[in-house]
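Down below is the structure, laid out as structure tokens.
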Amino acid sequence: QVQLVESGGGLVQAGGSLRLSCGSSGRTFSSYAMGWFRQASGKNREFVTYIGWDGKNTQYTTSVKGRFTISRDNAKNLLFLQMNSLKPEDTAVYYCALSQYAYGSPNSDDYNYWGQGTQVTVYP
């Protein structure tokens, strides 16, 4: 049984920063890619970023490139998302997800474990 628990969300003014964390237990964390997805109110869940099993391969959705950075600490089973220069349109519930594969993908179907989500709210 895998459990993913996100933390670090909150309320921040536009231009500010937040760092999300995701802790994993119950499965060999270091062998699989991880991803962050988000879902704004009234919208579908969307891909934000992923990182491969070894941390060397990453991809970002266009709207967050240059502002968000994904990283992982395999020794501690932790995933991070550093979010800088936040905009009101970044407001959403952010979910971490564990992939079935070693290499990441923007396709949510490739992820078989999900956290409960953490709310990020960016005000003007």
Open item on the list: To the nearest 0.5 Å, what is the distance between CD on Gln100 and OH on Tyr113?
Closed with: 9.0 Å

TODO: Return yes if some donor-acceptor pair links the side-chain N/O of Gln82 with the main-chain N/O of Arg19 below 3.5 Å, else return no.
DONE: no

Open item on the list: Is it the case that the side chain of Trp36 and the backbone of Phe80 share a donor-acceptor pair, with hydrogens and angles ignored and the cut-off at 3.5 Å?
Closed with: yes

TODO: Write down the atom of Ala92, the atom of Ala40, and the distance for their closest heavy-atom approach.
DONE: CB-N, 3.7 Å

Task: Other ILVMFWY residues reachable from Tyr111 by side-chain steps of under 4.5 Å - done: Phe37, Phe47, Tyr50, Val93, Tyr95, Trp114

TODO: Kindly determine whether Met34 and Cys22 satisfy side-chain contact (heavy atoms from CB on, under 4.5 Å), including the steps that lead there.
DONE: CA-CA 10 Å; Met34 297 285 296; Cys22 173; 4.3 Å; yes

Open item on the list: Can you tell me how far apart OG1 (Thr58) and CD1 (Ile70) are? Round to the nearest 0.5 Å.
Closed with: 7.5 Å

Task: Close side-chain approach of Pro106 and Gln59, heavy atoms under 4.5 Å - done: yes

- [ ] Evaluate the side-chain proximity of Ser63 to Glu89: yes if any heavy-atom separation is below 4.5 Å, no if none is.
- [x] no

- [ ] Would you kindly confirm whether Tyr60 and Val122 end up in one hydrophobic cluster when ILVMFWY residues are joined by side chain heavy atoms under 4.5 Å apart?
- [x] yes

Task: Heavy-atom pair of closest approach, residues Val2 and Ser24 - done: CG1-OG, 4.3 Å

TODO: Could you tell me whether the side chain of Met83 reaches within less than 4.5 Å of the side chain of Asp90, counting heavy atoms only?
DONE: no

Task: Distance in Å, Thr91 OG1 paired with Arg38 CZ, rounded so as to fall on 0.5 Å steps - done: 9.0 Å

Task: Distance in Å, Phe68 CZ paired with Ser17 OG, rounded so as to fall on 0.5 Å steps - done: 9.5 Å

Open item on the list: I'd like to know whether OH of Tyr103 has more than 12 heavy-atom contacts from other residues, nucleotides or ligands below 6.0 angstrom.
Closed with: no

- [ ] Report the distance from atom SG of Cys96 to atom CD of Glu6, rounding to the nearest 0.5 Å.
- [x] 4.0 Å

Open item on the list: Once rounded to the nearest 0.5 Å, what's the spacing between atom CG of Leu79 and atom CG of Asn74?
Closed with: 9.5 Å

- [ ] Report yes or no: do Val12 and Leu20 belong to one cluster of Ile/Leu/Val/Met/Phe/Trp/Tyr joined by side chain heavy-atom distances under 4.5 Å?
- [x] yes

